[in-house]
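I have a structure I would like to understand better, so I am pasting it below and will then ask my questions one at a time.
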Amino acid sequence: MLIIKLNATNSTNSYLRELSNNKQLEDYTVVTAKHQLQGRGQRGTNWESETGKNLTFSVLKDISGIPITDNFFVSVVTALAVRATLNDFLIPNLSIKWPNDILSANKKIAGILIENNIKKNALGSSIIGIGINVHQTYFENLPQASSLQLITGKTFNPDHLLLGTITHLKFYFEQLKQHKQKLLKAEYESFLFRKNKPSTFKKIDGSVITGYIQGITDSGRLCVLEQDAAIETYDLKQIRLLY
Ligand SMILES: Nc1ncnc2c1ncn2[C@@H]1O[C@H](COP(=O)(O)OP(=O)(O)OP(=O)(O)O)[C@@H](O)[C@H]1O
Ligand SMILES: O=C(O)CCCC[C@@H]1SC[C@@H]2NC(=O)N[C@@H]21
């Protein structure tokens, strides 16, 4: 397995996409960086990470065998793999905040940015970007962020976290290849943050609602039981779960 370790780059996701466009790379090629000048988060946000303290990496994955309707399962598989890795390292109270934030209690300790290459309405390759807050102890303006060290008081070997994540990714992608979508969905739902608990959401129109997360649809939409007893489904652009 090829692991490219960089001191600095704009974003490991961008670096790996560019490299994979110019060169034939094997599946699970990894790019890590000690420092990202323009680390990117979901919904166009920035990913903030103190130089040398955390794990920021991207993985190239061939997803051409996955039907485009199962697009969301790349997220499911990745969130499950990161959760399982952190569980191996005994991080307590892990959950997955839809669609793919990894929390310990109600603190975000890892984020995932998946960028799929879609050609002629079919999936091609995926760049799976993962940021794990490992040793950072201060997060300016990010009250919901925390790190493995802050939570456990321990230090961690980032290489072990990286290899653990790849091992779990391979396991879960194998399950997807074997068409175990039902099982994967059930496992993902079992870890959903605030499932069946009264929760507050912000909708795209700015309104705030309360409801109960029920799970996800087969395409990854969030199912919310609302006050009128109706279950509504939302995609990432339409709703945001507040803490
Ligand atoms: N190192 C980091 N750890 C945790 N969050 C971070 C980090 N760097 C940037 N962020 C981002 O800070 C923003 C604020 O975090 P928070 O989770 O409170 O907001 P959010 O908009 O509800 O999250 P999300 O959009 O991911 O559901 C998020 O966009 C989150 O991804
Ligand atoms: O939760 C999020 O908003 C997603 C954060 C993803 C961060 C990782 S760090 C490695 C990779 N490169 C990036 O620019 N982003 C992802």
Side-chain angles (χ1 to χ4, degrees), residues 3-20 29-61 74-75 78-79 81-83 86 91 95-116 126-151 158 161-162 165-166 169 192-194 199-204 206 208 213 216 220 222 224 234-243:
I3 302 180
I4 301 166
K5 293 189 171 183
L6 305 173
N7 274 324
T9 189
N10 282 340
S11 154
T12 54
N13 266 33
S14 310
Y15 185 96
L16 186 52
R17 174 59 73 205
E18 177 88 20
L19 194 67
S20 70
T29 292
V30 173
V31 173
T32 70
K34 286 198 178 124
H35 179 59
Q36 293 189 118
L37 291 98
Q38 288 169 18
R40 294 186 280 113
Q42 295 177 100
R43 309 174 203 253
T45 59
N46 292 329
W47 185 251
E48 311 286 347
S49 179
E50 206 180 317
T51 307
K53 294 267 180 175
N54 304 313
L55 189 56
T56 48
F57 66 103
S58 303
V59 185
L60 177 69
K61 180 74 189 92
V74 181
S75 262
T78 307
V82 176
R83 196 217 72 92
L86 298 177
I91 310 305
S95 67
I96 301 170
K97 181 167 174 264
W98 178 85
N100 49 20
D101 292 348
I102 309 299
L103 310 190
S104 169
N106 61 349
K107 294 284 187 182
K108 181 161 169 177
I109 50 173
I112 295 167
L113 177 68
I114 292 170
E115 297 180 305
N116 290 340
S126 182
I127 304 289
I128 299 174
I130 299 172
I132 303 179
N133 299 330
V134 185
H135 296 131
Q136 188 166 336
T137 49
Y138 176 66
F139 294 89
E140 199 177 3
N141 300 324
L142 291 175
Q144 295 299 341
S146 191
S147 69
L148 308 191
Q149 183 174 343
L150 273 175
I151 287 163
L161 285 163
L162 171 63
T165 308
I166 302 297
L169 265 180
L192 264 185
F193 178 62
R194 296 207 66 79
S199 308
T200 313
F201 303 86
K202 193 165 186 180
K203 285 199 191 178
I204 192 170
V208 173
I213 292 177
I216 56 167
L222 188 70
V224 183
Y234 298 96
D235 74 21
L236 184 58
K237 290 183 285 303
Q238 295 169 323
I239 204 163
R240 208 158 62 86
L241 168 62
L242 305 174
Y243 284 88

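Note that ligands are numbered from 1 as they come in the structure, with each ligand's atoms numbered from 1 the same way.
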- Item | Pairing residues for Glu48 by the salt bridge (charged side-chain N to carboxylate O under 4.0 Å, His left out) criterion, not counting sequence neighbours | none
- Among all residues two or more places apart in sequence or in another chain, which pass the side-chain contact (heavy atoms from CB on, under 4.5 Å) test with Glu18? Asn22
- Task: Would you check the N or O atoms of Ser49, main chain and side chain alike, for any that come under 3.5 Å of an N or O of ligand 1?
- Result: no
- Paired with Asp101, the salt bridge (charged side-chain N to carboxylate O under 4.0 Å, His left out) test is passed by just one of Lys108, Lys107, Arg194, namely Lys108
- Verify the distance criterion only: is there a donor paired with an acceptor across the side chains of Ser14 and Arg40 at less than 3.5 Å? yes
- Message: Does only the side chain of Asn54 get under 4.0 Å from ligand 1, or the backbone, or both, or neither? Count heavy atoms.
- Response: neither
- Query: In a check of side chain to side chain donor-acceptor pair (under 3.5 Å) between Gln36 and each of Asn46, Thr12, Asn54, Thr9, which one passes?
  - Reply: Thr12
- Message: Please list the nearest protein heavy atom to atom 5 (C) of ligand 2 with its residue and the distance rounded to 0.1 Å.
- Response: Trp47 CE3, 3.3 Å
- Query: Looking at Asp101, which atoms of ligand 2 are within less than 4.0 Å of one of its heavy atoms?
  - Reply: 1 (O)
- Query: Any idea which atoms of ligand 2 are less than 4.0 Å away from a heavy-atom of Asn13?
  - Reply: 11 (C), 12 (N)
- Query: Got the closest protein heavy atom to atom 10 (C) of ligand 2, with its distance?
  - Reply: Thr12 OG1, 3.2 Å
- Query: Against heavy atoms of Gln144, which atoms of ligand 1 measure under 4.0 Å?
  - Reply: 18 (O)
- Task: Note the single closest protein heavy atom to atom 3 (O) of ligand 2, along with its residue, its atom name and the distance in Å.
- Result: Gln42 N, 2.7 Å
- Query: Please state which protein non-hydrogen atom is closest to atom 9 (S) of ligand 2 and give its distance, to 0.1 Å?
  - Reply: Gln36 NE2, 3.4 Å
- Winner among Lys108, Lys97, Lys53, Arg240 once heavy atoms are compared against atom 27 (O) of ligand 1: Lys97
- Test item: Asn133 side-chain N/O and Ser146 main-chain N/O as donor-acceptor pair under 3.5 Å: yes
- Task: Can you spot which of Thr165, Ile132, Ile151 makes a side-chain contact (heavy atoms from CB on, under 4.5 Å) with Leu86?
- Result: Ile132
- Note on the structure: Note: ligand 1 atoms sitting under 4.0 Å from heavy atoms of Ala145 are 3 (N), 4 (C)
- Message: Closer than 4.0 Å to some heavy atom of Thr45 - which atoms of ligand 1 meet that?
- Response: 29 (O)
- Note on the structure: The protein heavy atom nearest to atom 6 (C) of ligand 2 is Arg40 O, 3.6 Å
- Item | Proximity flag Lys108 to ligand 2, non-hydrogen atoms under 4.0 Å | yes
- Message: Heavy atoms only: which of Glu48, Lys202, Gln136 lies closest to atom 8 (N) of ligand 1?
- Response: Glu48
- Taking only heavy atoms of Gln42, which atoms of ligand 1 are found under 4.0 Å from at least one of them? 26 (O)
- Please identify which atoms of ligand 1 are closer than 4.0 Å to at least one heavy atom of Asn133. 1 (N), 2 (C), 3 (N), 4 (C)
